[in-house]
Protein chains: 2
Amino acid sequence: MTVTIYDVAREAKVSMATVSRVLNGNPNVKPDTRKKVKDVIERLDYRPNAVARGLASKKTTTVGVIIPDISNLYYSSLARGLDDIAEMYNYQVIITNTDNDPEKERDAFLSLISKQVDGIVFLGGALNDETLDDIKRSHLPVVICGTSEKDENLPSVNIDYHKAIKEASLKFFEEGAAQISFVKASYSEQLEQHIEEGLKAAYKEKGKNFRNELIFSTGEDYQSGKEIFEKLRTVESDVIITMSDETAIGILHAYMDEGFKVPADVQIISCSNTRLVNMSRPSLSSIALPLYDIGAVGMRLLTKYMKDEPIEEANVILPYKIEYRSTTK
Amino acid sequence: MTVTIYDVAREAKVSMATVSRVLNGNPNVKPDTRKKVKDVIERLDYRPNAVARGLASKKTTTVGVIIPDISNLYYSSLARGLDDIAEMYNYQVIITNTDNDPEKERDAFLSLISKQVDGIVFLGGALNDETLDDIKRSHLPVVICGTSEKDENLPSVNIDYHKAIKEASLKFFEEGAAQISFVKASYSEQLEQHIEEGLKAAYKEKGKNFRNELIFSTGEDYQSGKEIFEKLRTVESDVIITMSDETAIGILHAYMDEGFKVPADVQIISCSNTRLVNMSRPSLSSIALPLYDIGAVGMRLLTKYMKDEPIEEANVILPYKIEYRSTTK
DNA sequence: ATGAAAGCGCTAACAG
DNA sequence: CTGTTAGCGCTTTCAT
């Protein structure tokens with residue numbers, strides 16, 4: 001029924017070992033033989049069974065991706081970069097959504113392990129301790145992108161959040177801002193911590209008084225942005241930094257609906273930079289993460305681990321830009 | 001090194017067949033034995049190798065998804081619905097982006113075949129003839145979601161585009177619109193054809209004169225929307241129906257930038273309904289596709305094919321709603 | 001340069 | 001209810 005390597009061997013009058021060799025580009029095959037085999041392969045429309053190959057070789061050319069929510073632009077932008085590089089290196093990608101649920105995250109990881117993936121990348125989400133243990137025990141190449149974890153000893157790709165937020169904040173202060181608020185969005189705790197520290201550093205450098213009440217936590221979607229507004233307005237900051245673009249737009253709309261002028265009365269900037277930034281009016285300023293690149297570089301890094309290539313730097317820091325659009329002065 | 005079913009069998013003093021039985025929930029195992037085996041499995045932290053299992057059973061519990069671009073909200077919304085149902089039925093999902101490139105589409109399909117996936121779903125994109133041939137020859141369960149193809153004999157999940165567009169158009173005409181334009185966005189040709197027909201039917205029913213110049217083609221992103229504006233304005237339609245939300249927002253901004261009032265001077269409605277609709281100001285009206293559900297129902301349908309369950313209806317039509325928000329009167 | 005043969009880790013008859 | 005025995009389709013020594 002389905003044609004196997006054995007059929008090809010028989011038709012080409014060689015052994016299956018030889019067929020396997022031409023399949024895998026092994027140079028130890030006489031050109032004549034190679035051609036003969038290739039012809040038969042074409043004629044029979046033979047396609048190697050990747051599962052059998054995986055079992056025999058212990059390599060599946062499949063990688064797992066664990067991500068909070070693929071329908072969120074932030075994550076899907078990361079995923080797209082990753083996928084393109086994966087394709088370039090001939091890897092297939094199994095994607096699993098976790099909604100940042102630790103249990104789903106663990107299940108996803110274990111099921112990827114049992115599928116014998118060659119490597120796994122965590123995109124964006126928080127990593128809980130149990131999973132961290134699983135990772136360690138698995139001895140599998142793992143890269144984390146756009147998120148950070150406690151021990152920081154996993155290969156990773158990020159930007160320097162601390163520096164980025166500090167730089168942006170200093171600029172706002174220098175241009176007259178009296179107070180800056182930060183709205184977290186349940187991304188990685190570790191990562192949001194870095195950002196908070198960056199903000200505090202800016203306060204300190206300017207001799208301004210930082211208060212914990214200036215930090216808010218909400219979801220990473222539009223509605224969460226609208227909802228946090230009532231709390232936000234009480235502190236009367238004149239600059240608001242958010243994690244997520246969607247949240248920022250929710251906040252923006254909430255302010256405008258209440259008669260505030262943006263950016264005259266309040267400035268808003270996100271720490272993301274998805275395609276949404278241009279679709280909002282006024283267009284959204286952001287500390288622009290190279291989302292696509294973070295995913296792409298993460299995947300490239302993973303291929304190096306999977307192929308035992310030398311690693312120059314396990315914790316890659318990518319450059320960021322600060323894009324001042326129309327929600328800032 | 002890694003623990004196999006054989007190790008478990010030895011430790012539990014049973015045959016590997018018995019271990020396999022408890023693994024697969026085969027009832028023909030004495031409760032005592034079952035417990036004994038389960039204990040050993042736990043103690044050894046044994047995890048079945050899905051690849052070996054796949055080779056032996058010819059089932060991989062993996063499905064392939066072929067999609068134009070996961071970083072586009074329209075598609076990723078479909079994908080999310082699909083993924084949730086896949087998870088529910090214990091299938092893993094391999095996602096491949098094609099950018100609607102026929103060659104990529106074909107490569108993706110063939111590589112999924114070689115991975116021995118149990119089924120494939122096409123999400124949103126166009127299906128070219130070559131792939132259609134491959135599908136036929138593969139004898140693999142395939143369902144297509146949010147797109148349609150020439151012969152219409154593949155299992156599918158859609159809404160009734162023709163009816164939806166006709167209904168919306170009639171309403172616009174009845175409320176005084178003189179002329180309606182439609183902006184395609186390189187989704188499936190077949191599908192856009194249906195929509196065009198629906199629009200023409202409305203023109204006909206109202207005794208209005210339809211011209212081909214009222215139909216436009218552009219990309220499915222924001223920039224494409226902005227770019228098509230110059231052409232659009234020449235025909236002076238008072239209602240514009242677009243395929244994509246992003247395109248609609250691009251068009252909306254272009255009109256507003258030129259001093260038009262929306263919806264007073266021109267009304268805009270998309271045929272999509274991603275999360276973007278609320279993030280635009282004015283908020284975007286749309287013929288609301290149940291994107292998540294289309295993906296979810298598609299995956300459910302696929303599971304039926306994969307498990308040889310009876311199929312009530314191979315071509316599922318889901319209901320739509322027309323959401324009049326602020327870009328329509 | 002090529003072939004023979006032993007697995008990879010599991011499922012699935014078939015016996016008993 | 002349990003064990004034995006073939007494979008599944010390929011890679012990979014090891015000979016030759």
Side-chain angles (χ1 to χ4, degrees), chain A residues 1-38 40-41 44-62 90 110-118 307, chain B residues 1-38 40-41 44-62 90 110-118 307:
Chain A
M1 206 184 98
T2 89
V3 17
T4 74
I5 197 173
Y6 184 79
D7 300 319
V8 176
R10 184 170 28 73
E11 289 288 314
K13 297 186 179 46
V14 297
S15 73
M16 32 188 302
T18 301
V19 179
S20 177
R21 284 190 190 97
V22 347
L23 244 33
N24 296 294
N26 185 317
N28 288 346
V29 181
K30 202 161 51 176
D32 279 8
T33 319
R34 181 182 305 279
K35 175 158 186 358
K36 194 170 57 178
V37 171
K38 283 199 162 170
V40 174
I41 288 178
L44 300 186
D45 196 28
Y46 164 70
R47 297 186 206 292
N49 178 324
V51 174
R53 188 180 271 195
L55 182 58
S57 70
K58 300 183 172 305
K59 295 243 164 291
T60 55
T61 62
T62 304
N90 273 36
L110 295 181
S111 108
L112 288 172
I113 295 277
S114 93
K115 289 252 156 131
Q116 314 296 120
V117 295
D118 296 340
K307 296 164 182 279
Chain B
M1 208 186 96
T2 90
V3 17
T4 75
I5 198 174
Y6 183 77
D7 300 320
V8 177
R10 183 168 30 72
E11 289 288 313
K13 298 187 180 42
V14 297
S15 73
M16 35 189 300
T18 300
V19 179
S20 177
R21 285 190 190 96
V22 345
L23 243 33
N24 295 294
N26 186 316
N28 288 344
V29 181
K30 199 163 54 175
D32 279 10
T33 320
R34 182 182 304 278
K35 174 153 185 5
K36 194 169 57 179
V37 171
K38 283 200 162 168
V40 175
I41 288 178
L44 266 40
D45 195 30
Y46 165 70
R47 298 188 206 291
N49 178 326
V51 173
R53 187 181 271 193
L55 182 58
S57 70
K58 299 183 171 306
K59 296 244 164 291
T60 54
T61 63
T62 305
N90 272 38
L110 295 181
S111 108
L112 287 173
I113 296 277
S114 93
K115 289 252 156 132
Q116 315 295 119
V117 294
D118 296 339
K307 296 164 182 278

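For the numbers below, each heavy atom of this structure counts, side chains included, while hydrogens, waters and symmetry mates do not. Letters A, B, ... mirror the listed sequences (proteins, then strands); counts begin at 1.
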Selected nucleotide, minimal atom distance to A/K58 side chain, candidates C/dG9, C/dT11, D/dG9 = C/dG9

Hey, does the side chain of A/R53 come within less than 4.0 Å of D/dT11's phosphate (OP1/OP2), counting only N and O?
-> yes

Determine whether more than 12 heavy atoms belonging to other residues, nucleotides or ligands lie under 6.0 Å from atom NZ of B/K38.
-> no

Charged N to carboxylate O under 4.0 angstrom, B/R10 versus B/D7?
-> yes

Distance-only, no hydrogens or angles: does the B/N26 side chain make a donor-acceptor pair with backbone N or O of B/V22 under 3.5 Å?
-> no

Rounded to the Å, how far apart are B/Y6 OH and C/dG7 P?
-> 12 Å

Which of the following nucleotides, D/dC10, C/dA12, C/dG9, is nearest to the side chain of B/A56?
-> C/dG9

Residue closer to the 5' end of DNA chain C, B/R21 versus B/A52 (nearest nucleotide) | B/A52

Pick base, sugar-phosphate or nothing for A/S20, based on heavy-atom distances below 4.0 Å to the nucleic acid.
-> base

Nearest-angstrom distance from the residue atom NZ of B/K115 to C1' of D/dC10 | 15 Å

Between C/dC10 (C1') and B/N26 (CG): distance, integer Å | 15 Å

Nearest-Å distance for atom pair NZ/P, residues A/K35 and C/dA1 | 19 Å

Any chance the side chains of A/T60 and A/K115 put a donor and an acceptor closer than 3.5 Å?
-> no

Spacing of A/R47 atom CZ relative to D/dC10 atom C1', expressed in whole Å = 17 Å

Comparing nearest nucleotides in DNA chain D, the 5'-proximal residue of the pair A/N24, B/V29 is B/V29

For D/dT2, does OP1 or OP2 lie under 4.0 Å from any side-chain N or O of B/T33?
-> yes

If you look at every strand shown and take non-hydrogen atoms under 4.0 Å, does B/N28 touch a base, only sugar-phosphate, or nothing?
-> base

Hey, is the side chain of A/T18 poking within less than 4.0 Å of OP1 or OP2 on C/dA1, counting only N and O atoms?
-> no

How close or far is atom P of C/dA4 from atom NZ of A/K13, stated in whole angstroms?
-> 15 Å

Between P of C/dA12 and CD1 of B/I5, the distance in whole Å | 11 Å

Could you walk me through whether B/T4 and B/N49 pass the side chain to side chain contact (heavy atoms under 4.5 Å, CB included) test, one step at a time?
-> CA-CA 8 Å; B/T4 75; B/N49 178 326; over 6 Å; no

Among the nucleotides C/dT11, C/dC8, D/dT11, whichever has the atom closest to the side chain of A/L55 is C/dC8

If you check the B/S15 side chain, which of D/dT4, C/dT2, D/dC1 turns out closest?
-> D/dT4

Minimum-distance pair of heavy atoms, taken over all atoms of A/G54 and B/V51 | C-CG1, 4.0 Å

Of the nucleotides D/dC1, C/dG9, C/dT11, which has the atom closest to the B/N49 side chain?
-> C/dG9

Is A/V14 touching bases, backbone alone, or none of the nucleic acid, heavy atoms closer than 4.0 Å?
-> sugar-phosphate

Roughly how many Å is it from CE in A/M16 to P in D/dT11, rounded to a whole number?
-> 8 Å

